[in-house]
There are 4 protein chains.
Amino acid sequence: MTTAPTAKRRTDPERAQNRRNQVLEAAAVCFARSGFHGASMSEISKQAGMSAGHIYNYFDSKDAIILAFVDREAEYVSGLLRDLATREDPLEAILDDAHIHIDESLDPQPWTVPLEMFAEASRNPVIAAKLRENEEVSRAQLRALVKSGRESRQLPVDDVLLDGRLDTMISYFQGLSIRALYRPNMNRASLVEAFRVAMRALLMT
Amino acid sequence: MTTAPTAKRRTDPERAQNRRNQVLEAAAVCFARSGFHGASMSEISKQAGMSAGHIYNYFDSKDAIILAFVDREAEYVSGLLRDLATREDPLEAILDDAHIHIDESLDPQPWTVPLEMFAEASRNPVIAAKLRENEEVSRAQLRALVKSGRESRQLPVDDVLLDGRLDTMISYFQGLSIRALYRPNMNRASLVEAFRVAMRALLMT
Amino acid sequence: MTTAPTAKRRTDPERAQNRRNQVLEAAAVCFARSGFHGASMSEISKQAGMSAGHIYNYFDSKDAIILAFVDREAEYVSGLLRDLATREDPLEAILDDAHIHIDESLDPQPWTVPLEMFAEASRNPVIAAKLRENEEVSRAQLRALVKSGRESRQLPVDDVLLDGRLDTMISYFQGLSIRALYRPNMNRASLVEAFRVAMRALLMT
Amino acid sequence: MTTAPTAKRRTDPERAQNRRNQVLEAAAVCFARSGFHGASMSEISKQAGMSAGHIYNYFDSKDAIILAFVDREAEYVSGLLRDLATREDPLEAILDDAHIHIDESLDPQPWTVPLEMFAEASRNPVIAAKLRENEEVSRAQLRALVKSGRESRQLPVDDVLLDGRLDTMISYFQGLSIRALYRPNMNRASLVEAFRVAMRALLMT
DNA sequence: AATGAATGAGTCTTCATTCAT
DNA sequence: TATGAATGAAGACTCATTCAT
C-alpha cells in the first residue's frame, strides 16, 4: 500500500499544495461572487474551510492570492487552445464549434472574474505583468494554429497581417464575455451566424 | 448703485454646475488611476481642489458620482455615433475611419474606466441598470445606421441577423479597449487591416 | 401712525428679537422631531426660513439655542402654576383638574423635549445649571400654593414634610410624561382616579 | 502532557461572553458619562480596554450595544421585583423598604442611562420596541404582586383600577430617577415619608 | 442683514494582517 | 499545523461653524 507515506504529517509538501489549491478554489468562488475588492479574506477563509490567519501560511498576502488565481485562469485558456490544436483542421474547427465558443462566452460565471483581472491590472502592475505574460503564451498558441491553417490553404501568413488578425479575434472574444454580463439574453443563433461571418473573414481570407 | 452688478450672485446655478463638473473631471482622473474602489473620496477631493465634505453638496454619495460619471461616458459614445450618422455613407465611413476608431480605442486614458464600469456593473445593480440603459441608446443609434446602410445596398436587414451583427461589432469594440490596456504596443496598421476585413464582412455581406 | 419707526431698519432691536423667536420656534419643532443631537443646524434653519449661517448672528452656537429653548419651556410651566394660584382653592383645583393634567401629560408632542432636556443635562453642565435654576422657581411657586392650601386646612406645613410632598408630586408629573411616550394608550379614566387618590393623600393629609 | 490542560481553549464561549460583558460595562460607564450619542465607539473601546474594531466581533453595531444595554437594565429591574415577590407580604414590604427604593432611585449612577433610553426611544423605533417589551414584563410582575396583596386584603382588584394604580406608581418611580439628576440633595427622610403616604393610598385603598 | 459655499474634525464601520496559543 | 482574537489604518459620510459676498 502506497498510502503509508501520508501517515507522516510533518511538513508534507503535497498536503501544502492541496491547501493552496483549496484556497484558490475558494477564492475563485468568492472573486466571481464579490470581485477582488469585494471578497474579504474572511469570506475566502470560510469558503475554504480554514481560518483566515492560516491562509497566510500559504500566501503572503491577498494580492498573492489574486496573482496565483490569475495564473490558474491562464492555464484554463491554454488548455482550450491545446485541445483545438489536436483537431484535424483547427480553422474549420473554430467555425464548426462557433456555438460552443458562444455558449461558453455567454455563460456569465467564469467570465466575471477575467473582467476583474483586467480592471485590477489597470492599477496593480504586478497583476498587469502576469497578465501580459500569460497572454503571450496563449497568443503564441493561437498564432501557431492559425498560421499552419492558413499555410495549408496557401493564404498569406506574414507576421504583421497575422498580428492584426489575432488581436482582432482575441478582442472579440474578450469583448463578448463583457457583453454577456449586462446583455445576458442575446440571441445565440444570430451571434453564431455573425461569429462565423467575422471569423471566416479573419481566418480564411 | 455700484454694487448692483455683483449683488445678484446668490445661488448661482451655473457655478454649481461648474463645481459638479469639476468633481466629475477629478473623478475621471482618479478612477482611471485607482479604479472605483481604489479611488477614495479624499483622493478625489484633493484632485478636485475642494474638501471631501463639500463634494457631498453636489453628490449624494460616492455611488452617485460613479453613476454620473457613467452617464458622461455614454454621452461621449453617443456623440460619436451621431457624428457618424451625418456622413454620406455611414457604412463606408466606418471602414474609411478605421484608423481613427482604432486610435481612439488604443488610447488608454479614457478607456481605462469603462473597464471599471463593467466590473462594477457585475455587482452593483444600479450601475448595471444605468449601463444597460445607455447601451440601449447607443445600440439603437448604431442599428438605425447599419440598417439604412444595408437597405440601400439591398442586403438583408431582418432583426435577428442585425442583432447578431451588432453585438459582434460592439463586442469587438469593447474588447479592443481591454486589449489596449495590457498590450499597448499593438501594430496599428495591421489592426486597421483586420478591422476592415471583419467589419466589411459583418456590415456588407 | 406709530409704524413709522419700523421704516428705519438699521439694527432694529425689535426685529432682532423677532428673529431670535423665529429660530427658537423652529428649534422647538425640530427638537421635538429629532432630539437635540438629531436636529441639525441645517434642519433648524430650513424650519426657521433663514440660512444656517445667519442664525449665528443671533446665537453663538447650537448649545446657546438649546439653552434659550430650555428657558422658554420653564416659562410655560411657570405660567401654568401662576394660573393655578389664581384659583379659589388651588388644592381642590388640582384634584378637580386631574383630567386636564393627565391629558396634557399624555399628549406626547410638547413633552418629548423635556425628556431631551433632562438627558442633555446629564452631560452638559450649563444646561443642568439652567434646568436647576428653572426648577427652583417652579418649585417655589408650587410650594407657596401648597403651603397656603394646607394652612387653611390646618394641616402641618413644616419645611421638611413639604419638601418630600413636593418632590414626590413633581416626580410623578415628570414620570408621567415619560410613560406617555412609550405607553401612549393608557386608560385615562383610571389614571385620573389614581392621580386623585395619590394627590389627595399627598396634599390633604 | 503539561500542555494538555490549556490545549483545549479553542473558541471559548465563556471568554466571548466575558468580552461582551466587558464591552457592556464600558458602555454603561460611557453612556452615563456622555449619553448614547455623545459616547463614541472610540471612547467605549478605550474604556473597555480593546480596540474599536474588535468590538464589532461581539456587536453588530453601536445600536446593538445600546439594545443589549437596555436589556441588561430590564433584567436588573426584573430581579428587584422577583425578590419582592418572595416576601411574606409584598405590599407591606414596599412600604417597609421605602428607604431602600428611595436610596436606589437617588443614586445617580445607574439611573442616568434609563433617561437616555427614554429619550432614544422617542426616535429609535427598535429601542422603543425593546423598551416596551421589557416594560410589559416588569409591569406584569408588579401587577401580580399588587393584585394578590389587594385580594388578601379584600380590596377591589378590577383590571381598570389596577391599571391606573400601576401606571401611577411606575410614573412616580421613573420620575424620581429624573429628579435625582438635577436635584441630587433632596431630603431623603421626607421623601420616604411622602413615598409611604402616596404608596399606601395607591396600594391599600 | 443675509446667504450658502466651504471647511475639517469627528463618526461609525470594515478588513487585511499579526500573534499568542 | 491551525485557530480566531486582536489590532489599526483606512474609508465614506455628517455637521457645526466660518466667511466672502
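Here is the naming used below: chain letters follow the sequence lines, and residue numbers restart at 1 for every chain.
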**Q** Check whether any side-chain heavy atom of Phe59(A) lies under 4.5 Å from a side-chain heavy atom of Leu67(A), and answer yes or no.
**A** no
**Q** Whole-Å distance between dT18(F) C1' and Phe59(C) CZ?
**A** 18 Å
**Q** Classify the nucleic acid contact of Ala39(B) as base, sugar-phosphate or nothing, counting any heavy atom under 4.0 Å across all strands shown.
**A** sugar-phosphate
**Q** Among the candidates dA2(F), dC15(E), dT13(E), find the nucleotide nearest to the side-chain atoms of Ser40(A).
**A** dC15(E)
**Q** Taking the side chain as everything from C-beta on, heavy atoms only, tell me whether Arg72(D) gets closer than 4.5 Å to Asn21(D).
**A** yes
**Q** Mind checking Ala16(C) for me? I need base, sugar-phosphate or nothing, with any heavy atom below 4.0 Å counting as a touch.
**A** nothing
**Q** Tyr56(C) has an atom OH; how far is it from atom P of dA5(E), in whole Å?
**A** 17 Å
**Q** Tell me, do Ser45(C) and Met41(C) make a side-chain contact under 4.5 Å, heavy atoms counted?
**A** no
**Q** Sort and list the pairs that fulfil salt bridge (Lys or Arg N to Asp or Glu O under 4.0 Å) and have at least one residue in residues 51-71 of chain B, not counting sequence neighbours.
**A** Asp71(B)-Lys130(B)
**Q** Are the side chains of Ile55(C) and Ile65(C) in contact, using a 4.5 Å heavy-atom criterion?
**A** yes
**Q** Without decimals, in angstroms, what is the distance between His54(B) NE2 and dT14(F) P?
**A** 15 Å
**Q** Contact between Arg19(A) and Gln22(A) at the side-chain level, heavy atoms closer than 4.5 Å - yes or no?
**A** yes
**Q** How would you label the contact of Ser51(B) with the nucleic acid (heavy atoms, under 4.0 Å): base, sugar-phosphate, or nothing?
**A** base
**Q** Report the secondary structure of DNA chain E in dot-bracket form, marking unpaired bases with a dot and bases paired to a different strand with |, and treating Watson-Crick or G-U pairs with both distances under 3.5 Å as paired.
**A** .||||||||||||||||||||
**Q** Start at the 5' end of DNA chain E and walk down; is the nucleotide closest to Ile55(C) or to Met41(D) reached first?
**A** Ile55(C)
**Q** Strictly below 4.0 Å: does Tyr58(D) bring a side-chain N or O up to OP1 or OP2 of dA5(F)?
**A** no
**Q** How many Å lie between CZ on Arg19(A) and C1' on dT1(F), as a whole number?
**A** 8 Å
**Q** Can you confirm whether Glu120(C) sits close enough to Leu131(C) that some side-chain heavy atom of one is under 4.5 Å from a side-chain heavy atom of the other?
**A** no
**Q** Would you call the rings of Phe31(B) and Phe69(B) parallel, tilted or perpendicular, taking 30° and 60° as the class edges?
**A** perpendicular
**Q** How close or far is atom C1' of dT17(F) from atom CD1 of Ile44(C), stated in whole angstroms?
**A** 13 Å
**Q** What is the distance from CZ of Phe36(D) to C1' of dC12(E), rounded to the nearest Å?
**A** 17 Å
**Q** So which one's nearest nucleotide on DNA chain F is more toward 5', Met50(D) or His37(C)?
**A** Met50(D)
**Q** Starting from C1' on dC15(E), measure out to CD1 on Ile66(A) and report it in whole angstrom.
**A** 14 Å
**Q** Check the phosphate of dG4(F) against Arg15(D), side-chain N and O only, distance under 4.0 Å to OP1 or OP2. Yes or no?
**A** no
**Q** If each of Asn57(B) and Gly38(D) is mapped to the nucleotide of DNA chain E with the nearest heavy atom, which maps nearer the 5' terminus, i.e. the 5' end?
**A** Asn57(B)
**Q** What is the distance, rounded to the nearest whole Å, between atom CD of Gln17(B) and atom C1' of dA5(E)?
**A** 16 Å
**Q** Given dC12(E), dA16(E), dA6(F), which nucleotide is nearest the side-chain atoms of Lys62(D)?
**A** dC12(E)
